[in-house]
Protein chains: 2
Amino acid sequence: MKISELAKRADISAHTIRYYEKLGLLKPTQRSESNYRIYTNDDVVTAKFIKRSKECGFSLAETSTLLAIKNDKSQHVCAEAKNMTSSKIVEISEQIAKLKRMQSTLQELEVLCCGGQESAEFCSIISNLEKVV
Amino acid sequence: MKISELAKRADISAHTIRYYEKLGLLKPTQRSESNYRIYTNDDVVTAKFIKRSKECGFSLAETSTLLAIKNDKSQHVCAEAKNMTSSKIVEISEQIAKLKRMQSTLQELEVLCCGGQESAEFCSIISNLEKVV
DNA sequence: CTTGACCTTAGATGTTACTCTAAGGTTTAT
DNA sequence: ATAAACCTTAGAGTAACATCTAAGGTCAAG
Ligand SMILES: [Zn+2]
Ligand SMILES: [Zn+2]
Ligand SMILES: [Zn+2]
Ligand SMILES: [Zn+2]
């Protein structure tokens with residue numbers, strides 16, 4: 001199949017597929033006589049693999065590492081995949097914790113402000129941000 | 001005070017302070033004869049304002065809007081500050097929700113994998129990512 | 001009077017992940 | 001045969017947020 005077919009099946013834009021190729025993540029199996037990229041069903045699997053990996057929060061660089069495992073399983077061990085997964089869980093937990101801190105700070109600010117059409121002269125959101133700690 | 005003193009007091013690098021100036025967030029009150037940036041205590045307040053705003057999750061562009069309110073309170077109303085705060089809370093909630101989805105997917109993958117030194121041939125993390133949905 | 005710390009500028013570089021453009025070649029259907 | 005749809009490339013642009021570099025000027029202390 002050509003790139004637009006792969007794009008449709010994997011739900012990734014053709015642009016992005018070419019970009020992934022440039023990064024070495026997804027090379028078409030062959031080229032047609034007219035130099036068009038020709039993909040196989042295996043490439044669809046790989047494209048979806050990349051998409052799912054991204055949905056799990058792995059960067060393209062990390063996804064590349066996961067792809068290397070997928071593409072040569074016998075040369076890799078479970079520990080590699082599990083370590084990456086565990087690290088990512090920790091990383092995401094930290095991001096969630098940080099966002100929750102932001103959220104509660106913002107909520108504290110939000111309740112203090114009347115939100116009306118009066119001058120911001122005494123707005124508690126602004127004065128709280130201004131406050132020297 | 002000169003830039004490094006402000007940098008120390010606000011805990012922002014001098015580089016970053018110059019960058020903020022380029023963006024129009026923090027202009028030094030005056031320049032010395034030798035063209036050095038000279039800051040006042042008010043500038044320290046502003047610098048810390050920027051830092052706190054960032055810590056709340058506001059982008060530099062949004063921080064710029066907040067600064068405009070802070071710097072001319074009488075020309076702005078509480079509603080502006082409160083709307084920004086409420087929107088940011090929503091935005092952060094969405095980010096948290098997304099990260100939680102990732103986290104639970106990753107946790108499902110994690111428990112299935114033995115994590116041992118055996119070949120990744122049957123690694124459930126890899127095969128799950130590979131699985132055509 | 002020199003050494004080292006500090007200051008200046010414009011602009012290049014880095015990260016992540018695309019997204020788009022221009023200028024052109026190919027395929028397919030009517 | 002010709003128009004629409006599709007393909008190619010290199011490279012530029014975007015967003016967000018810095019971080020660093022080069023090449024040079026200034027200041028305070030010993
Ligand atoms: Zn109010
Ligand atoms: Zn208010
Ligand atoms: Zn295993
Ligand atoms: Zn495994």
Side-chain angles (χ1 to χ4, degrees), chain A residues 1-39 43 46-67 84 88 91-92 95 98-99 102, chain B residues 1-39 43 47 49-67 84 87-88 91-92 94-95 98-99 102:
Chain A
M1 76 196 73
K2 281 179 287 188
I3 198 165
S4 63
E5 176 70 15
L6 173 61
K8 196 165 63 182
R9 289 215 214 165
D11 193 29
I12 302 176
S13 82
H15 269 305
T16 301
I17 290 168
R18 289 194 200 95
Y19 173 68
Y20 287 171
E21 180 177 340
K22 200 157 68 179
L23 297 185
L25 298 185
L26 179 57
K27 287 180 178 116
T29 312
Q30 52 165 307
R31 292 280 185 140
S32 76
E33 277 184 12
S34 52
N35 201 33
Y36 285 9
R37 292 167 175 84
I38 303 297
Y39 298 95
D43 295 324
T46 301
K48 286 186 177 176
F49 183 102
I50 294 170
K51 203 179 178 207
R52 298 176 122 241
S53 169
K54 289 228 65 213
E55 282 163 5
C56 287
F58 291 109
S59 70
L60 292 178
E62 288 160 344
T63 297
S64 177
T65 304
L66 287 171
L67 272 174
M84 286 185 69
K88 187 55 68 179
E91 197 184 293
I92 288 180
Q95 284 177 40
K98 187 178 168 191
L99 288 171
M102 287 178 181
Chain B
M1 74 197 73
K2 281 180 286 187
I3 198 166
S4 64
E5 176 69 16
L6 173 62
K8 196 165 64 183
R9 289 214 215 166
D11 193 28
I12 303 175
S13 82
H15 268 306
T16 302
I17 291 168
R18 287 192 201 95
Y19 174 66
Y20 287 170
E21 180 176 340
K22 199 156 70 181
L23 298 185
L25 298 186
L26 179 58
K27 287 179 179 117
T29 313
Q30 50 165 308
R31 291 283 185 138
S32 76
E33 278 185 12
S34 51
N35 201 33
Y36 286 8
R37 290 167 176 85
I38 302 297
Y39 298 96
D43 295 325
F49 183 102
I50 294 170
K51 201 177 181 208
R52 298 175 121 240
S53 170
K54 291 227 65 214
E55 282 163 4
C56 287
F58 292 109
S59 70
L60 291 178
E62 289 160 343
T63 297
S64 177
T65 304
L66 287 171
L67 272 174
M84 286 185 69
S87 306
K88 186 55 68 177
E91 197 184 294
I92 287 181
E94 284 163 1
Q95 284 177 38
K98 188 179 169 192
L99 288 171
M102 288 178 179

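Labels below follow one simple rule: chain letters A, B, ... track the order of the sequence lines, proteins then strands, and each chain is numbered from 1.
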Can you tell me how far [atom2] of [N] sits from [atom1] of [X], to the nearest Å?
X     : N      : atom1 : atom2 : answer
B/R31 : C/dC7  : CZ    : P     : 12 Å
A/I50 : C/dC18 : CD1   : P     : 10 Å
A/L60 : C/dT15 : CG    : C1'   : 12 Å
A/R37 : C/dG25 : CZ    : P     : 17 Å
A/L23 : C/dA17 : CG    : C1'   : 9 Å
B/E21 : C/dA10 : CD    : C1'   : 14 Å
A/I17 : C/dA17 : CD1   : P     : 17 Å
A/L26 : C/dC18 : CG    : P     : 13 Å

For a quick test of reading the model, state the closest non-hydrogen atom pair linking [X] to [Y] and the distance between them.
X     : Y     : value
B/L6  : B/L26 : CD2-CD2, 4.2 Å
A/I50 : A/L25 : CD1-CB, 3.9 Å
A/K51 : A/D11 : NZ-OD2, 3.0 Å
B/S53 : B/T63 : OG-OG1, 2.8 Å
A/D43 : A/P28 : OD2-CA, 4.3 Å

With a 3.5 Å cut-off and sequence neighbours excluded, list the donor-acceptor pairs that the side chains of residues 15-23 of chain B form with protein atoms.
unit_1 : atom_1 : unit_2 : atom_2 : d
B/T16  : OG1    : B/S13  : OG     : 2.8
B/E21  : OE1    : B/R37  : NE     : 2.6

How far does the helix from C/dC1-D/dG30 to C/dT30-D/dA1 bend, going by the axes of its first and last five pairs, to the nearest 10°?
-> 20°

Comparing nearest nucleotides in DNA chain C, the 5'-proximal residue of the pair A/E33, A/Y19 is A/Y19

Residue whose closest nucleotide on DNA chain C lies nearer the 5' end, B/K22 versus B/S4 =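 Mapping each residue to its closest nucleotide by heavy atoms, the 5'-most match is B/S4.
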
Please list, in 5' to 3' order, the outermost nucleotides of DNA chain D lying under 4.0 Å from any heavy atom of chain B.
->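 Range of nucleotides touched by chain B: D/dC17 to D/dC27.
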
For B/E91 and B/K88, run salt bridge (charged side-chain N to carboxylate O under 4.0 Å, His left out): C-alpha distance rounded to whole Å, both residues' side-chain angles, the deciding distance at 0.1 Å, then the answer.
-> CA-CA 5 Å; B/E91 197 184 294; B/K88 186 55 68 177; 2.9 Å; yes

Name the residue closer to the 5' end of DNA chain D, choosing between B/K2 and B/S13 according to the nucleotide with the nearest heavy atom.
->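 The residue closer to the strand's 5' end, by nearest nucleotide, is B/S13.
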
Verdict with reasoning, B/K98 to B/E94, per salt bridge (charged side-chain N to carboxylate O under 4.0 Å, His left out) | CA-CA 6 Å; B/K98 188 179 169 192; B/E94 284 163 1; over 6 Å; no

With side chains defined as the heavy atoms from C-beta onward, is the minimum distance between A/L66 and A/F49 less than 4.5 Å?
-> yes

